[in-house]
J.: 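So that we are looking at the same thing, I have put the structure below in C-alpha cells.
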Amino acid sequence: ACFAGSAANKSIPPDKKMVPSERVFSLCHGARLVIKQGDITTEDVDAIVNAANERMLGGGGVDGAIHRAAGGELVRACAAVPEVASGVRCPTGEARITPGFKLKARHVIHTVGPIYENPKYSAPLLASAYRNSLKLALEHGLKSVSFPGISTGVFGYPFDEAAEVALTAVDKALDAAGEGGSVKEVRFVLFNEPLYKTFVETAEERSVET
Ligand code: AR6
C-alpha cells in the first residue's frame, strides 16, 4: 500500500482557532484524497456513496438525505435491483450502483456497512463496503467518488476505528487498481466535526511530509 503522500495543504490558517474545513492528501498513482466537512448530497462528482441498509429502499441519516435530494426516481431504481435473499438487495459489505437522478452526482453507489460489534468481526465488513464501492467505481470508469463515514451513525462504529479502516481500504484499493485505474479523486465528506477531525488526524499520521 502506498498511502504515503504529502499533505498538500499544510498551511496554518491565519486564525489558529479556525479549523480548515477541507484537507488534501496524496494517494498512490497520482490520486488525491480530499477530507472535508460538509453535506454529501451537494457533491458534484461522478458518484456519491450511500450508507444504505440491505433492503436498499431508503432510511434515516445520510440515506434519507440522499433519497430526498435525488427525488423519487432513486427509490424506484433501488426497488428494481434484484433481491438476493428475501428483502435483501445488497448484503452487508457489498455495493450496488444506480443513476443519481436529481443529484449533481452522476451515480449513487449504495453500500451497507456493518452494525458495529467488535473490531475483529466488524472491520473486515466495513473494509469490504469501501473496497466493493471502489470496485464498482473502477468498473464504471468513474474518476471522482465521495464517501460518507459509513457505519459511523446509527450503526455505531467508533470514529477512530472507522477512519483507520476507511483510509486503509481506500489506499489498498487504489494501489491494487494501479496506474490505469480511473479513480483519481476520493473524497470523504463528513457531516460532523468530530468525525471530520478524526479522519484528518488519521490521514496525517499516515502521510509523509515532503
Ligand atoms: N452528508 C454527509 N454525511 C452525513 C449526512 C450528509 N448529508 N447526513 C448524515 N451524515 P448514518 P450508518 C453522516 O446513520 O451508520 C440509515 O437509516 C452521519 O453523521 O446515516 O451507516 C440506513 O438506511 C454519520 O457520520 O449511516 C441504514 O439503516 C454517517 O453519515 C443505517 O442508517 C453515517 O450515518 C446505516 O447506518
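Counting convention: from 1, in listed order, for ligands and their atoms alike. We're numbering straight along the sequence, starting at 1. Remember, predicted model here, so these are calculated numbers, not experimental data.
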J.: Would you please determine whether Gly156 falls within less than 4.0 Å of ligand 1 on a heavy-atom basis?
T.: no
J.: Identify the protein heavy atom lying closest to atom 26 (O) of ligand 1, giving its residue, its atom name and the separation to 0.1 Å.
T.: Ala51 CB, 3.8 Å
J.: Could you check atom 7 (N) of ligand 1 against the protein and tell me its nearest heavy-atom contact, residue, atom and distance included?
T.: Asp39 OD1, 2.8 Å
J.: Does some non-hydrogen atom of the protein lie less than 4.0 angstrom from atom 31 (C) of ligand 1?
T.: yes
J.: What do you reckon, is CZ of Arg106 surrounded by more than 12 foreign heavy atoms closer than 6.0 Å?
T.: yes
J.: Looking only at protein heavy atoms, identify the closest one to atom 16 (C) of ligand 1 and say how far it is in Å.
T.: Gly60 O, 3.4 Å
J.: Taking only non-hydrogen atoms of Gly113, do any sit less than 4.0 angstrom from ligand 1?
T.: no
J.: Just wondering, are more than 12 heavy atoms of other shown residues or ligands nearer than 6.0 Å to NZ in Lys184?
T.: yes
J.: If you measure every N or O of Pro148 against every N or O of ligand 1, does any of those distances drop under 3.5 Å?
T.: no
J.: Which atoms of ligand 1 have any heavy atom of Gly149 under 4.0 Å away?
T.: 29 (C), 33 (C)
J.: For atom 14 (O) of ligand 1, grab the closest protein heavy atom and report residue, atom and distance to one decimal in Å.
T.: Val154 N, 2.9 Å
J.: Could you tell me whether Lys102 and Glu73 make a salt bridge, using a distance below 4.0 angstrom between a side-chain N and a carboxylate O?
T.: no
J.: Please say whether Val62 places an N or O atom under 3.5 Å from an N or O atom belonging to ligand 1.
T.: yes
J.: Atoms of ligand 1 less than 4.0 Å from Asp63 heavy atoms?
T.: 22 (C), 23 (O)
J.: What is the closest protein heavy atom to atom 1 (N) of ligand 1, and at what distance does it sit?
T.: Ile40 N, 2.9 Å
J.: Among protein heavy atoms, which sits nearest to atom 15 (O) of ligand 1, and what does the distance come to when rounded to 0.1 Å?
T.: Gly153 N, 2.8 Å
J.: Ignoring angles and geometry beyond distance, decide whether Ala52 reaches within less than 3.5 Å of ligand 1 through its nitrogen or oxygen atoms.
T.: no
J.: How far is atom 25 (O) of ligand 1 from its nearest protein heavy atom, and which residue and atom name does that atom have?
T.: Thr152 OG1, 2.6 Å
J.: Is Arg206 salt-bridged to Glu164, going by a charged N under 4.0 Å from an acidic O?
T.: yes
J.: Would you mind running through ligand 1 and noting each atom that sits below 4.0 Å from a heavy atom of Ser151?
T.: 12 (P), 15 (O), 21 (O)
J.: Checking a contact table here: which protein heavy atom is nearest atom 3 (N) of ligand 1, and how many Å away?
T.: Phe191 CB, 3.4 Å
J.: At a 4.0 Å threshold, what atoms of ligand 1 neighbour a non-hydrogen atom of Gly61?
T.: 20 (O)
